[in-house]
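Take a look at the structure set out below.
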Number of protein chains: 2
Amino acid sequence: MKYSKATNYALHTIVYLALLPPGKTIGVKPLAEAQKVSPTYLSKVLTKLVKSGFIESGTGVNGGYQLIKDAKDITFLDIIHAIEGTTSLFNCGLDHTIHDRQNCFIEKVMNEAEQKMEDYLRSQTIEHILQKVDKNIVNRIRSVVN
Amino acid sequence: MKYSKATNYALHTIVYLALLPPGKTIGVKPLAEAQKVSPTYLSKVLTKLVKSGFIESGTGVNGGYQLIKDAKDITFLDIIHAIEGTTSLFNCGLDHTIHDRQNCFIEKVMNEAEQKMEDYLRSQTIEHILQKVDKNIVNRIRSVVN
DNA sequence: CTAATTAAAGACTTCGTGAATCTATAATAT
DNA sequence: ATATTATAGATTCACGAAGTCTTTAATTAG
Ligand code: SF4
Ligand code: SF4
């Protein structure tokens with residue numbers, strides 16, 4: 001029971017992109033280097049973010065990635081869902097001819113718990129985060145990005 | 001990103017045991033049958049619950065399992081932790097010589113979110129659940145158990 | 001037009017872990 | 001002594017995460 005590494009890469013990359021000067025793009029190579037992951041693999045992750053509409057990609061010279069959604073409109077939950085999918089953490093794979101699933105008590109608790117987590121992840125946007133981040137970390141990231 | 005089936009088995013078994021007449025034990029076979037899982041595998045799961053102090057096991061004739069903690073003192077989180085462990089869902093496996101982990105913004109959000117889920121799971125006890133459960137489901141379970 | 005650049009896509013490999021089985025071994029009651 | 005029951009160990013199987021390699025497609029610079 002763990003978040004995948006892909007989610008980690010996605011979150012970090014979004015932060016990197018959010019710190020780019022508006023309009024500027026960045027290729028997968030520096031992003032991969034900064035996170036110590038192979039470019040081809042990171043590219044697969046980023047493609048999911050493209051398909052989900054958070055970032056845009058361009059081919060050829062001066063191609064690369066850039067944010068196309070405002071940082072204040074991107075929540076942690078958005079990114080996680082884009083990578084991990086949206087199926088719930090708990091599901092009794094059991095045969096439901098046995099009894100009525102409607103008033104299932106276990107499932108209800110487990111799903112409600114997951115909702116609590118999702119509510120919080122939905123409340124935290126990337127912008128919200130950028131405001132908190134230490135200035136010297138920002139500079140360090142910017143130095144990677146430029 | 002899913003809870004393991006073992007967690008499912010553990011939760012259901014605890015409910016079964018909670019509906020047993022006090023002092024009475026039940027073997028792994030009927031429990032496994034009710035959940036359509038192999039006895040040997042379920043036994044491995046239950047051993048974890050024994051080691052965690054929720055249930056007790058006895059060998060030989062009239063052996064089997066029984067609850068030794070009051071249902072009101074067993075939370076969902078307890079059971080989940082006993083099976084899944086207690087490591088957090090998110091951890092950047094990254095090299096932390098790069099920057100200060102103390103003011104890490106991503107980790108902070110992810111862990112806080114997990115806390116929200118755990119808070120709820122900690123608030124829900126087995127007893128709390130037994131009160132809500134439909135009477136005919138109780139009877140059905142009792143028929144399995146007896 | 002051509003060559004260089006860059007992302008996307010597909011096939012494939014590797015690795016770890018969940019899930020499960022089988023086979024002992026130990027403990028206990030009758 | 002024998003039947004019963006849980007525990008432990010070794011082992012197998014399947015699946016998905018993680019990553020590599022190669023090809024294709026799109027775009028820009030010259
Ligand atoms: S009680 Fe809930 S989780 Fe269990 S089998 Fe029924 S529907 Fe599924
Ligand atoms: S920003 Fe946080 S999650 Fe990312 S590498 Fe630093 S400590 Fe780890």
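Lettering follows sequence order; numbering is per chain, from 1.
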- Query: Taking only side-chain nitrogens and oxygens of B:Ser43, does any of them come within less than 4.0 Å of OP1 or OP2 of D:dA6?
  - Reply: no
- Message: Testing the 3.5 Å rule here: is there a donor-acceptor pair between the side chains of B:Gln35 and B:Thr13?
- Response: yes
- Task: Decide yes or no on side chain to side chain contact (heavy atoms under 4.5 Å, CB included) for B:Ile80 and A:Met1, but give the supporting numbers first.
- Result: CA-CA 11 Å; B:Ile80 292 170; A:Met1 174 82 157; over 6 Å; no
- Note on the structure: From CD of B:Glu56 across to C1' of D:dT5 the rounded distance in Å is 14 Å
- Message: In the structure I gave you, are the side-chain heavy atoms of B:Phe90 and A:Asn8 within less than 4.5 Å of one another anywhere?
- Response: yes
- Task: Apply side chain to side chain contact (heavy atoms under 4.5 Å, CB included) to A:Met110 and A:Asn91, showing your working.
- Result: CA-CA 9 Å; A:Met110 298 297 281; A:Asn91 64 330; over 6 Å; no
- Task: Using atom NZ of B:Lys29 as one end and atom P of D:dT7 as the other, report the distance to the nearest whole Å.
- Result: 14 Å
- Task: Check whether any side-chain heavy atom of B:Val15 lies under 4.5 Å from a side-chain heavy atom of A:Phe105, and answer yes or no.
- Result: yes
Each nucleotide N or O in nucleotides 13-15 of chain D that has a protein N or O under 3.5 Å away: list the pair and distance.
none

- Message: So if I take the C1' atoms of five pairs at each end of the helix from C:dC1-D:dG30 to C:dT30-D:dA1 and get each local axis, what angle do the two axes make, rounded to 10 degrees?
- Response: 10°
- Note on the structure: residues 57-79 of chain B vs salt bridge (charged side-chain N to carboxylate O under 4.0 Å, His left out), sequence neighbours excluded, gives B:Asp70-B:Lys72
- Item | For atom CG of A:Asn91 and atom P of C:dG18, their distance in whole Å | 16 Å
- Task: Return the residues of residues 75-89 of chain A meeting this criterion: a heavy atom under 4.0 Å from some atom of DNA chain D. Order them by number, or give none.
- Result: none
Can I get a per-line list of side-chain donor-acceptor pairs under 3.5 Å for residues 42-66 of chain B, giving both atom names and the distance, sequence neighbours left out?
residue	atom	partner	partner atom	Å
B:Thr47	OG1	B:Ser43	O	2.8
B:Ser52	OG	B:Lys48	O	2.8

- Item | Minimum side-chain heavy-atom gap A:Ile126-A:Phe76 below 4.5 Å | yes
- Item | For atom CG of A:Leu46 and atom P of C:dA7, their distance in whole Å | 9 Å
- Query: Within the structure, does a side-chain N or O atom of A:Ser57 lie under 4.0 Å from either OP1 or OP2 of C:dT6?
  - Reply: no
- Just wondering, do B:Leu11 and B:Ile14 contact through their side chains at under 4.5 Å, heavy atoms? no
- List in chain and number order the residues that pass side-chain hydrogen bond (donor to acceptor under 3.5 Å, both in side chains) with A:Thr125, two or more places apart in sequence or in another chain; answer none if no residue qualifies. none
- Task: Measure the distance from CG on B:Asn8 to C1' on C:dG18 and round it to the nearest whole Å.
- Result: 14 Å
- Message: So if I define the base as every atom that isn't primed, P, OP1 or OP2, how would nucleotides 16-22 of chain D read as a B/S/- string at a heavy-atom cutoff under 4.0 Å?
- Response: --SBBBB
- Note on the structure: side-chain hydrogen bond (donor to acceptor under 3.5 Å, both in side chains) filter on B:Asp119, not counting sequence neighbours, yields B:Arg122
- Query: Quick one: are A:Tyr9 and A:Val37 in side-chain contact, heavy atoms under 4.5 Å?
  - Reply: yes
- Query: What is the distance, rounded to the nearest whole Å, between atom NZ of A:Lys48 and atom C1' of C:dA7?
  - Reply: 17 Å
- Check side-chain hydrogen bond (donor to acceptor under 3.5 Å, both in side chains) between A:Glu118 and all other residues, then give those that pass, not counting sequence neighbours. A:His81
- Message: What is the separation between atom CG on B:Leu42 and atom P on D:dA6, rounded to the nearest whole Å?
- Response: 10 Å
- At under 4.0 Å, does any side-chain N or O of B:Lys51 touch on OP1 or OP2 of D:dA8? yes
- Message: Holding to side-chain hydrogen bond (donor to acceptor under 3.5 Å, both in side chains), I want the full list of residues that pass it with B:Thr7, two or more places apart in sequence or in another chain.
- Response: B:Glu84
Review item, nucleotides 28-30 of chain C N/O atoms under 3.5 Å of protein N/O:
residue	atom	partner	partner atom	Å
C:dT28	O4'	B:Thr59	OG1	3.1
C:dT30	OP1	B:Asn62	ND2	3.2

- Query: Does the side chain of B:Thr75 come within less than 4.5 Å of B:Leu121's, by heavy atoms?
  - Reply: no
- Qualifying residues under side-chain contact (heavy atoms from CB on, under 4.5 Å), relative to A:Lys116, sequence neighbours excluded: A:Glu112, B:Lys116, B:Tyr120
- Take the protein atom NZ of A:Lys2 and the nucleotide atom C1' of C:dG18, then report the distance between them rounded to whole Å. 16 Å
